[in-house]
Amino acid sequence: MQGTFRENLFAGRTVLVTGGSTGIGAGIARAFRAHGARVIATGSTAAKLDWCPAEGIEGHAVDVRSDADCTALLAAIDRLDVLVTAAGIVRRDDEHRLDVFRDVLDVNLVGTARYAMGAHDLLAASRGSIVTIASMLSYFGDRRVPAYAAAKGGVSQLTKSLAIAYAPDGIRVNAIAPGWIETPLTEELWQSPTIGPAIASRTATKTWGKPGDIANGALFLASPAAAYVTGTTLIIDGGYSIC
């Protein structure tokens with residue numbers, strides 16, 4: 001990563017990563033910090049963010065389902081150049097219950113909209129960008145996670161709509177659709193002696209991805225190299241979706 005992008009590429013920039021306490025979000029937060037940005041990461045509890053100070057990242061415990069938490073956090077930020085909406089949950093099998101279905105949508109889809117819409121004015125002032133986190137399940141279904149798939153399909157469509165709406169204000173909006181990435185969210189799968197290898201064998205690269213693979217995509221989409229890129233969903237899945 002350090003050999004790919006210019007040193008201090010994001011120096012002087014402020015980046016907010018929702019869901020930045022673990023997994024893909026933490027990988028993205030660390031990548032922007034490594035390239036000189038001031039990074040603010042959110043997590044659902046303070047305990048999940050206890051690693052942040054040692055790595056120069058500002059951690060804030062917020063509930064992404066809360067309008068009040070969103071408003072308070074954004075009001076405390078005087079400048080914002082990049083917003084990454086990585087907060088997400090999955091409730092395998094339980095998502096067929098309507099109360100769980102609603103909660104998964106509230107975190108993954110409405111939470112994304114809440115921060116993207118709330119940060120509009122800050123991003124317009126800096127002519128910044130938004131990177132949302134969609135999924136390979138934006139494109140096909142999964143019987144165990146109907147709410148997650150529906151939410152991530154919505155994130156992809158929301159990204160396109162906001163890209164059109166925000167373009168006159170100089171704000172670019174793009175998404176990343178990760179494939180199978182080794183994170184706490186997927187741990188029960190990649191740690192399985194049968195499921196993990198089966199998924200890898202179904203992928204063109206024959207491997208699971210790492211959070212850093214998604215972070216590289218986020219750095220690109222937020223960088224000047226992507227100045228003419230908006231409304232797109234960048235698939236980073238090791239070729240899983242083409243096999």
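None of the values given here were measured: they were computed from a predicted structure. Just so it is clear, the values below take in all heavy atoms, side chains as well, and ignore hydrogens, waters and symmetry mates.
Side-chain contact between Leu9 and Ser223 is present, with heavy atoms from C-beta onward closer than 4.5 Å. Side-chain contact between Tyr240 and Trp180: present, with at least one pair of heavy atoms (C-beta onward) separated by less than 4.5 Å. Contact check for Asp103 versus Leu105: no side-chain heavy atoms found under the 4.5 Å cut-off. Contact check for Glu55 versus Arg30: side-chain heavy atoms found under the 4.5 Å cut-off. The closest side-chain heavy-atom distance from Phe5 to Asn216 is below 4.5 Å. Side-chain contact check for Arg65 versus Val110: every heavy-atom pair is 4.5 Å or farther apart. Counting only heavy atoms from C-beta outward, the side chains of Ser129 and Val82 approach each other to under 4.5 Å.
Smallest separation of non-hydrogen atoms from Ala198 and Ser201: O-OG, 2.8 Å. Between Leu123 and Leu80 the shortest heavy-atom distance is CD2-O, 3.6 Å. Taking each heavy atom of Leu109 and Gly154 in turn, the nearest pair found is CD1-C, 3.6 Å.
The main-chain N or O of Lys152 is never found under 3.5 Å from a side-chain atom of Ser135 such that the two would form a donor-acceptor pair. Formation of a donor-acceptor pair under 3.5 Å by the Thr232 side chain with backbone atoms of Leu234 is not found in this model. Judged by distance alone, the side chain of Ser241 and the main-chain N or O of Asp237 form no donor-acceptor pair under 3.5 Å. Between the side chain of Trp190 and the backbone N or O of Trp208 there is no donor-acceptor pair closer than 3.5 Å.
Linking ILVMFWY residues whenever their side-chain heavy atoms come closer than 4.5 Å, directly or via other members, leaves Leu74 and Val131 in distinct clusters.
Electrostatic pairing of Arg79 and Asp81 counts as a salt bridge here, judged by a charged N lying under 4.0 Å from a carboxylate O. Ion pair Arg114/Asp106 flagged as a salt bridge, since at least one NZ, NE, NH1 or NH2 atom sits closer than 4.0 Å to an Asp/Glu carboxylate oxygen. Salt-bridge check for Glu58 with Arg38: passed, with a basic side-chain N closer than 4.0 Å to an acidic carboxylate O. By the 4.0 Å N-to-carboxylate-O rule, Glu188 lies close enough to Arg144 to be salt-bridged with it.
Take Arg91 and apply the side chain to side chain donor-acceptor pair (under 3.5 Å) test, not counting sequence neighbours, and it matches no residue.
Atom NZ of Lys210 sits in a sparse spot, with 12 or fewer heavy atoms from other residues, nucleotides or ligands closer than 6.0 Å.
At least one cation-pi condition fails for Arg172 and Tyr166: the charged atom is not both under 6.0 angstrom from the six-membered ring centre and inside a 45 degree cone around its axis.
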### Message
Would Thr205 and Thr203 count as a side-chain hydrogen bond (donor to acceptor under 3.5 Å, both in side chains) here? Give the steps.
### Response
CA-CA 5 Å; Thr205 59; Thr203 302; 5.6 Å; no
### Chi angles and distances behind the side-chain hydrogen bond (donor to acceptor under 3.5 Å, both in side chains) call for His35, Asn8
CA-CA 4 Å; His35 287 82; Asn8 290 322; over 6 Å; no
#### Entry: side chain to side chain contact (heavy atoms under 4.5 Å, CB included) between Tyr148 and Asp142, worked out
CA-CA 9 Å; Tyr148 185 84; Asp142 187 310; over 6 Å; no
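Thr132 pairs with exactly one of Thr159, Thr85, Thr233 by the side chain to side chain donor-acceptor pair (under 3.5 Å) rule, that one being Thr159.
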